[in-house]
Each structure stands twice: as C-alpha cells, then as structure tokens.
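Written out below as structure tokens is the structure these notes cover.
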There are 2 protein chains.
Amino acid sequence: MKITIQDIANAANVAKSTVSKVINDSPKISGETKRKIREIMKEMNFTPSSIATRLAKQSSFNIGLLFDMSQDKDYLDPFFYNIMVGIESVIGPLKYEMTMANVHHNDPDRHFLKRLVLSRRIDGLIGNNANLTNEAAAKLEELRFPFVLMGEYDAFPVSWVDFDNAEGGRMLTGHLLEQGYRDIAFIGGEREERLFENRHRGYSDSLRAAGLPISAERTFHGIADDSHGYESVLSMLRSAPGERPDAIVCMSNQVAFGALRAAKEAGVQIPNELGIATFDDFPFSPHTSPPLTSLLIDTFKLGSAAADMLIERISYPELPRRNLLLQPELIVRESTARA
Amino acid sequence: MKITIQDIANAANVAKSTVSKVINDSPKISGETKRKIREIMKEMNFTPSSIATRLAKQSSFNIGLLFDMSQDKDYLDPFFYNIMVGIESVIGPLKYEMTMANVHHNDPDRHFLKRLVLSRRIDGLIGNNANLTNEAAAKLEELRFPFVLMGEYDAFPVSWVDFDNAEGGRMLTGHLLEQGYRDIAFIGGEREERLFENRHRGYSDSLRAAGLPISAERTFHGIADDSHGYESVLSMLRSAPGERPDAIVCMSNQVAFGALRAAKEAGVQIPNELGIATFDDFPFSPHTSPPLTSLLIDTFKLGSAAADMLIERISYPELPRRNLLLQPELIVRESTARA
DNA sequence: TTGTAAGCGTTATCAT
DNA sequence: ATGATAACGCTTACAA
C-alpha cells in the first residue's frame with residue numbers, strides 16, 4: 001500500500017501542509033513538531049513522491065545527456081562512461097538526476113525536443129557538436145532552454161567546453177621537435193573540419209616557431225581511422241629514405257594504430273627512424289608496441305566542466321554564454337623516445 | 001508563456017477532458033473533433049507536460065540504469081555505451097526513458113533506493129552484480145520492485161542475463177586444442193570468484209574431454225589485470241622450454257596485454273611457441289601484435305536482453321524470475337594461428 | 001460523442 | 001506555529 005503525505009498527517013494529527021513544511025525544513029515549524037513528524041515518517045517508511053513534488057514545484061530536477069544511437073560512435077564511445085561520471089559528480093550533490101536523451105533526428109514524434117524539452121521532463125541539456133544539429137541548437141536558444149555543448153561551436157554564441165586542440169597540436173609537435181625530429185608530417189582529418197583545423201593550426205604554429213618549412217604534402221587528409229593511418233604511412237615510405245618524414249602527428253589513436261602497423265610491416269624502426277605522437281589517449285595506448293606518446297584528455301573533467309556550466313545557466317539564465325578551453329596533457333612514451 | 005491542456009480546450013471550445021482523450025487517441029472521440037483539436041495543438045505548439053501525465057497515470061515511464069561512481073570501473077567501462085544503447089533500443093520504442101542511477105551505498109540520504117525507487121521516480125531498474133548489493137536486491141524484492149541484473153546471481157532467485165562463461169571457456173580452450181596446443185594454462189581470476197569459476201570450469205571441461213591432465217599449477221590466480229598477466233608469463237618462462245605451457249587462456253584482455261608484453265620481452269614467439277587466447281574482445285584486440293584471438297561478447301545484446309526482461313517484469317509482475325545465458329562468439333586472430 | 005468533476009501527491013498562499 | 005484550500009496539468013469515472 002502506498003503511503004502519502006496525508007497518511008502521515010493523519011497519524012500525526014496535523015494538516016498535510018504542516019507535514020509538507022517539515023519535509024522542506026521550513027523555519028516556521030517548531031522543533032518539537034518537526035521531531036515528532038520526522039519520527040512518524042521514519043516509522044511509516046515514507047518517501048515523498050518525486051513526481052508530485054515536481055508538479056507542484058514546477059521543476060523536474062533532471063538534466064538530459066544527449067546521444068545519437070543512429071550514429072557512428074567510434075570517437076566518444078570509450079569516453080562516454082567517464083564523461084557521464086564527471087557530470088554526475090557535480091549534479092548529484094545538487095539533487096539533480098540525469099536522463100539519457102537519444103536524439104531521434106528523423107522521427108519528429110520521438111525527437112528529444114518534444115520528448116524531453118517541450119514536455120518539461122528535463123531542466124537542462126548537455127550535448128556535443130556531433131549529436132546536436134544547428135537547427136536544434138537554434139530551437140533551444142529560441143526557447144531559452146539551458147544547454148551546454150561539449151566541443152567548440154561557432155554557428156552562433158552558445159555555451160561550450162572543449163579541449164584546447166590547437167595547444168594540443170603545439171604540444172605534440174613541440175615535443176617531437178625537442179626530440180630532434182625535423183621533418184614532421186600530420187595524418188588525418190578532413191579539410192574544413194573544425195577539429196582538424198584547430199589541431200593542424202597548432203602543428204603549423206610549432207613548425208613556424210622553429211623556423212621550419214610547412215609543406216602541404218606533409219599533411220595527409222582523410223577520415224581519421226586505422227586504414228587512413230596505414231595508407232598514409234605506406235605512401236610516405238615510397239619516397240627515398242632521406243626524403244621522407246622522420247616523425248608524424250596523428251589526428252587520433254586509430255590513425256596511430258594504422259600508422260604503427262604500416263611502419264612495422266615495412267620494417268621501419270620506431271622511434272629511431274620514425275617518431276609517432278598522437279592526439280587522444282585511449283586506454284590501449286600504453287599497450288601498443290612501442291607504447292604511444294599521446295595527448296591525454298581528462299574526460300571526467302570535460303563532463304564536470306560542462307555540468308558546472310549548465311548549472312550556472314539554469315541558475316542564472318541571463319548570464320552571457322561562456323566558453324571554456326581545457327588543457328590536455330602530454331604523455332610521453334617510447335614511440336618518440338629517440339635514442 | 002506555458003500553454004496547457006486547458007488553453008487548447010478553450011481555443012477549441014471543448015472540455016479539457018476531450019482534449020485529453022484526443023491526446024490519448026481514445027476511440028470515443030469523433031474523427032472530426034480529433035482533427036480539429038490536433039490542428040489547434042500544432043498551431044499552439046502544445047506538448048503535454050510529462051510530469052502531470054505521470055502523476056495522473058501513476059507511472060513514471062522511466063527505467064533506471066545503475067552504476068557505481070565510487071567503484072573501479074575497469075571492466076564495464078568500455079562496454080557501457082553499448083549496453084546503454086542496447087537498453088534504449090528496446091525501451092525507447094515503448095516510450096520509456098532511462099535515468100542514470102548512481103548507487104551511493106554509503107549515503108542513506110542519497111541512496112538510489114530512496115532517491116529513485118521509493119520516490120517512484122522509476123518503474124524498473126537494470127543493474128549488475130557488482131553494483132547491486134545483496135541487501136539492496138533483497139529490499140527490492142521485498143518491495144516487489146521490478147529489476148534485472150546483468151551477470152549471474154545466486155543469493156536468491158532474481159532475473160538476470162549473462163554470457164555463458166563456461167561455454168566461453170570451452171570455446172577458447174577447444175580452439176587451442178584444435179590448433180594442436182597440448183599444455184594449456186589459465187591466467188587470472190581469484191578463487192571463489194563466480195566469474196572465474198564459470199570460466200575455469202569450461203577450460204577444465206575441455207581438457208578433460210580431450211583426455212588431458214588438469215594440473216593446479218597451470219592455473220595462475222590473481223586480479224585479472226595487466227601486471228598479473230605479465231608476472232604469470234614471466235613465472236612460467238622460468239621453467240625449461242619443454243616443461244612450460246604452450247598456450248594460455250586469459251581471464252581478460254588486460255591479462256592478455258600483460259602476457260603479450262612479457263612474451264615479447266622474453267623473445268617467445270607468438271603463436272608458435274606460445275598461443276594466447278582471451279576472454280572479452282576490447283576494441284583494441286585487433287591492434288595488438290599479433291592480434292589477439294578473443295571471445296566477443298555482444299554488449300548491445302546484453303543490454304537489450306536485460307531490457308526485454310525488465311519490460312516483461314514490469315508488465316507481468318507475477319511471472320517467475322527468469323535467467324538467460326547469451327552465447328559468446330570466438331574471434332580467431334593470429335595469436336593462436338599456429339603454423 | 002462530449003462534458004463534469006473528482007482524483008493523482010505535493011507545494012504555496014492565506015488565514016487563523 | 002499551524003491549518004484550509006487552491007494550485008500544478010493531466011486522466012478517468014460517471015453523467016449527460
């Protein structure tokens with residue numbers, strides 16, 4: 001049998017409004033009454049219905065985390081859990097819950113805007129620039145609904161958090177230069193792709209600062225996956241030994257895996273003949289042979305920073321949109337440890 | 001300004017109960033009225049408040065997915081996203097949402113039982129045998145609250161889904177035997193650990209069926225991680241070449257990574273001198289050198305099967321608790337491809 | 001087929 | 001300090 005605030009009121013011989021005030025620890029209720037009612041609530045094992053509370057309070061105390069089931073998930077997949085835990089670490093203590101929001105871009109009836117936002121099931125939303133379309137973002141802004149993106153966004157001003165990808169490019173390239181590499185290639189990423197452009201800019205900056213030439217043929221465009229890494233390295237190995245790159249910066253771990261495989265098959269010595277450094281630090285990076293020098297991004301922190309920003313937006317809707325760049329961390333391993 | 005069912009009723013000149021019936025597509029409403037009201041709803045951009053609906057319907061249409069932030073997450077981490085997507089694939093079409101439930105074992109006030117179950121924020125729960133304590137499971141049963149575990153459970157009868165770990169052990173070991181290996185070791189897992197016992201049983205079964213001896217010193221107990229794999233292989237290499245195992249079955253990919261590393265450092269040829277086969281197929285298994293023969297578990301399916309079972313429990317609470325063993329799949333790669 | 005009115009379990013506003 | 005009563009936005013008998 002379900003027990004409600006009214007049952008408690010009856011048992012305590014008070015009005016249910018009094019019980020409600022006790023639940024919310026109102027200062028207008030005497031200590032004695034509070035004690036008595038609280039005891040009764042324990043005894044009767046009462047927990048308020050959150051749904052009724054929310055209806056009355058007109059707030060769902062719930063935030064949504066966007067994902068797109070229909071989409072390729074290679075990139076965020078291994079990081080998803082950490083991001084989620086990062087978000088929980090900030091919203092949990094504030095009594096918010098988190099519900100998973102599958103976008104359903106193609107089904108107007110199940111689209112998250114309707115299912116979760118318009119139906120007021122959530123008070124705020126965290127997404128990323130891959131699963132939130134410009135159209136949806138615009139709609140959210142129009143509704144003045146609080147949301148934060150993970151990943152840079154520049155179609156119009158919204159709140160976002162991202163890692164400093166340009167700085168990451170500088171860190172990887174700078175490290176290779178310090179190790180004495182002089183002819184550094186960059187593998188992966190499509191032209192016009194924002195993520196690529198930022199990372200590549202950092203790479204170029206470093207070369208320029210070192211007074212080295214930046215040659216277009218040292219950049220291998222393509223989808224940042226294993227086979228692109230593999231093919232790119234094979235193609236650079238077709239040049240004579242003296243004319244090929246002595247190190248590479250990879251857009252992703254997948255690219256690096258492919259590059260590693262190609263180099264190994266061709267008998268190229270890593271790190272002596274070819275240094276390899278890569279963006280992203282998958283849990284597997286330490287297990288390649290040789291282990292990969294890579295750029296660690298703290299995904300827990302990505303989540304918690306996004307959540308902090310979202311809570312701020314929910315609490316102070318009129319504050320301007322903020323952006324935040326988190327710093328990556330260089331993890332040096334053997335793949336760049338030149339003798 | 002928020003628009004409600006009453007606004008629609010006014011605009012359409014009908015009672016709000018009529019609007020409600022249209023929303024729920026009641027057969028008692030004439031086609032004409034439905035059309036008219038639906039049009040008005042579009043025009044006025046109306047979406048019902050899910051909170052009010054739930055309060056009235058006395059169901060939250062929401063299921064919880066348990067996780068434990070405070071706990072080591074090595075095992076499920078890479079699979080979490082897939083499991084979640086698997087769950088969503090079955091509950092989504094049924095109009096359920098999913099909220100993340102951090103257990104909070106140590107904080108009675110924020111414990112998920114209170115926060116989510118007793119407060120009726122969710123109608124059902126999916127957890128695993130690592131994050132749900134016996135005590136909590138018992139409490140859920142007492143409340144007759146629907147829940148399903150991922151992972152075998154035998155403290156008392158509950159619904160659960162798991163992979164057939166014994167069969168997995170037979171598949172890996174059987175494969176090694178087919179390849180001609182004859183002295184097979186088993187690395188990882190603590191005595192008394194359910195998961196270990198099941199997997200090890202399959203291994204023993206296979207050896208027995210092949211008429212081979214089962215020797216206690218061929219099993220290396222320990223936490224199933226990288227360093228345990230590494231140490232175990234080092235220790236077996238201390239025996240003379242003729243007296244050491246010619247193949248190993250690993251409890252986890254981490255163990256296999258460590259084993260691979262040790263073998264490589266010692267100059268042992270894989271797969272010729274030592275075959276390696278492992279439970280679990282992390283996304284990185286294909287990228288080791290040589291690529292690892294491993295046991296693929298379909299984590300999407302794990303999630304969807306658990307969700308199917310949960311929906312059944314919610315819909316027919318009186319049905320007996322069910323258990324389901326899913327079949328793993330052997331992925332043969334070079335680490336066991338004996339010449 | 002449509003309307004009336006009483007819930008659903010809280011909170012919030014006024015009285016007292 | 002406590003109590004009555006009207007929200008909150010929807011559903012659901014029961015009437016008409």
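Numbered from 1 within each chain, the chains take letters A, B, ... in sequence-line order.
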- request: Just report the end-to-end axis angle for the helix from dT1(C)-dA16(D) to dT16(C)-dA1(D), five pairs per end, to 10 degrees.
  value: 40°
Please tell me which of the listed nucleotides, [options], lies nearest to the side chain of [X]?
{"X": "Lys28(A)", "options": "dT11(C), dC10(D), dT2(D)", "result": "dT2(D)"}
{"X": "Asn24(B)", "options": "dT11(D), dG9(D), dT5(D)", "result": "dT11(D)"}
{"X": "Ser30(A)", "options": "dA1(D), dA4(D), dG7(C)", "result": "dA1(D)"}
{"X": "Leu55(A)", "options": "dG9(C), dG3(C), dT5(D)", "result": "dG9(C)"}
{"X": "Ala56(B)", "options": "dT11(C), dG3(D), dG7(C)", "result": "dG7(C)"}
{"X": "Ser49(B)", "options": "dG3(D), dC10(D), dT2(D)", "result": "dC10(D)"}
{"X": "Thr53(B)", "options": "dC10(D), dG3(C), dA4(D)", "result": "dC10(D)"}
{"X": "Phe46(A)", "options": "dT10(C), dT2(D), dT2(C)", "result": "dT10(C)"}
{"X": "Lys57(B)", "options": "dT5(D), dG3(D), dT12(D)", "result": "dT12(D)"}
{"X": "Val14(A)", "options": "dT11(C), dG9(C), dG3(D)", "result": "dG3(D)"}

query: Counting just side-chain N and O atoms, does Thr33(B) come under 4.0 Å of either OP1 or OP2 of dT2(C)?
result: yes
field: Side-chain N or O of Ser20(A) closer than 4.0 Å to phosphate OP1/OP2 of dT10(C)
entry: no
field: Partner of Ile63(A) by side chain to side chain contact (heavy atoms under 4.5 Å, CB included), out of Ile87(A), Leu94(A), Leu125(A)
entry: Ile87(A)
message: Categorize Val19(B) for me: base, sugar-phosphate, or nothing, with a 4.0 angstrom heavy-atom threshold over every strand shown.
response: nothing
- prompt: Between the side chain of Asn131(A) and the main-chain N/O of Gly127(A), is any donor-acceptor distance below 3.5 Å?
  reply: no
message: Does atom OH (Tyr316(B)) have a neighbourhood of more than 12 heavy atoms from anything else shown, all under 6.0 Å?
response: no
message: Atom CD of residue position Glu39(A) - does it have more than 12 heavy atoms of other residues, nucleotides or ligands inside 6.0 Å?
response: no
Residue list, ring-ring contact (aromatic ring centres under 6.0 Å, His included) with His105(B), at least two apart or on another chain: His111(B)
- request: Report the residues that fulfil ring-ring contact (aromatic ring centres under 6.0 Å, His included) with Phe46(B), sequence neighbours left out, ordered by chain and then residue number.
  value: none
query: Which is it for Lys2(A) and Asp7(A) under the salt bridge (Lys or Arg N to Asp or Glu O under 4.0 Å) test, yes or no, and what are the steps along the way?
result: CA-CA 10 Å; Lys2(A) 198 173 313 172; Asp7(A) 300 322; over 6 Å; no
field: Distance-only donor-acceptor test (3.5 Å): side chain Lys21(B), base dT1(C)
entry: no
- prompt: When only distance counts, do a donor and an acceptor, one from the side chain of Ser17(B) and one from the base of dT4(C), lie under 3.5 Å apart?
  reply: yes
